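Presented below is the structure to which this report refers.
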Amino acid sequence: MSFKDLNIIDPLQEALDKEGYIEPTPIQALAIPHLLNGKDLMGIAQTGTGKTAAFVLPILQRLSEERKAPVSRAPSVLVLAPTRELAAQIDQSFATYGRFLQFRHTVIFGGVGQGPQVRDLSKGVDILVATPGRLIDLMNQGHLNLRRVEFFVLDEIDRMLDMGFIHDVKKITQALPKKHQSLFFSATVSRETEEFARGFLSDPVHVEAAPESRTNTLDCIEQRVFFVDQNNKYPLLQDLIQDGDLERVLIFTRTKHGADKLTVKLIKDKVKTMAIHGNKSQGQRDKAMRDFKSGRLQVLVATDVAARGIDVKDISHVVNYDLPNESEVYIHRIGRTGRAGAQGTAFSFCASDERSLLRSIERLIRMKIEVAEHRYHSEKAKNAVGPASATAGTYIKKPKAISRRSSTESVNRPGPRKSYPPRRH
Ligand code: AMP
């Protein structure tokens, strides 16, 4: 199947050609025909499945059929996203796919001055991408009204509900006109999201890309687990970095504090690193993303919430410095590498107290992750049993301070040079 089969108009087709996208992804093939037909949609799709283009393309196509002039403070398209990073990326997608069309679009979120956002809205935009809080602020101040919205997209509803945006989102939906097309996306299915969608969508089509993407994700990622004691995690990371393979690495820690500590160590060891998490200002996050994208940074250390929606091409490695408490998160994390068909590598560090988390992950992905051999290998971690009750998401390990070894200590490393690449066990 090609985009032509989906009756995508030429200017969009040209933009897709420029991106080098030949075939629609499954969620695009499933969703686009319904969206072009004006249907409401409930899509289950994770980041990495091509879900953004699945709504951006048909919306641009429908807008270009209408050809209405933008009206001050009253956009035709409203997209809500839970995080600033995701909102910025969606806005960028409107720019990318709409490069041969003349629509005005902008993104608004909190944490930055509202002046430029107010000016953009006042000049008039066709497409507005926003996080809920700032949107409501601007609505309350009279800088924006939603009465002309024709297309309403709610991305990552599950995350919105998790982050406590439900009241804001409801308030926003109440300001929409009766007649509009709604497109909801969620990475996971839950009773809460289902109920929320049922109360709002009218006769929606349901499309799901998750199972497909999961196989794809796992198929094109080389996964390795490194059994290691907590206090050897940093020396192990140093070894891997010194190996030279880790070109552009996204490292996940469980806590913000852990992310900061690791970042300080890496910088001390002259590795170009920044951290991205909830306590960072918008300016710091933007800079980190820009520098990581441009290749100025080798390492970005992130917590799960901050990493949602990070879409950087060519991430060579994802490193799970700490394993996630929920197995599903493992798939989200490693899906950042090897995106859209490119091969990537995911390394997971597993200490004794994370052993049961690894078991849950392996149950979920229905495969045993290959064990890497390295000089800090810990048999204790490999054979650890963990609490009997441990299952995905139920075993919450107390965040533990990472290695306190100083960089001078870590120069005197034990044992022979590592024998990575790993041997199959
Ligand atoms: P998303 O799930 O929207 O975050 O998209 C994941 C990645 O896939 C992004 O880098 C997109 O630019 C890319 N992408 C979207 N559609 C296609 C396609 N049809 N073929 C190849 N890559 C795509």
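Computed from a predicted structure; not experimentally measured. We number each residue from 1, following the sequence as shown. Just so you know, ligand 1 is whichever comes first in the structure, and atom 1 is the first atom listed for that ligand.
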Once you restrict to heavy atoms under 4.0 Å, what part of Glu23 touches ligand 1? Side chain, backbone, both or neither. backbone
Looking only at N/O atoms, are Gly50 and ligand 1 under 3.5 Å apart anywhere? yes
Nearest-0.5 Å distance, CG of residue Asp155 to CE of residue Met160: 7.0 Å
Worked verdict on Arg224 versus Glu373 for salt bridge (Lys or Arg N to Asp or Glu O under 4.0 Å): CA-CA 10 Å; Arg224 297 284 182 275; Glu373 191 179 278; over 6 Å; no
Measuring from the heavy atoms of Phe55, does anything fall under 4.0 Å of ligand 1? no
What atoms in ligand 1 come closer than 4.0 Å to a heavy atom of Thr25? 17 (C), 18 (C), 19 (N)
Using a strict cut-off of 4.0 Å, indicate which atoms of ligand 1 neighbour a heavy atom of Tyr97. 12 (O), 15 (C)
Phe3: numbered ligand 1 atoms lying under 4.0 Å from its heavy atoms: 19 (N)
Numbered in order shown, the ligand 1 atoms found under 4.0 Å of a heavy atom of Thr52 are 1 (P), 3 (O), 4 (O)
Does a side-chain N-to-carboxylate-O contact under 4.0 Å join Arg254 and Asp304? no
Listing request: all side chain to side chain donor-acceptor pair (under 3.5 Å) pairs with a residue in residues 170-179, at least two apart in sequence or in separate chains. none
Taking the six-membered ring for Trp, are Phe226 and Phe347 ring centroids under 6.0 Å apart? yes
Using ring centroids (six-membered ring only for Trp), state whether Phe200 and Phe184 fall under 6.0 Å. yes
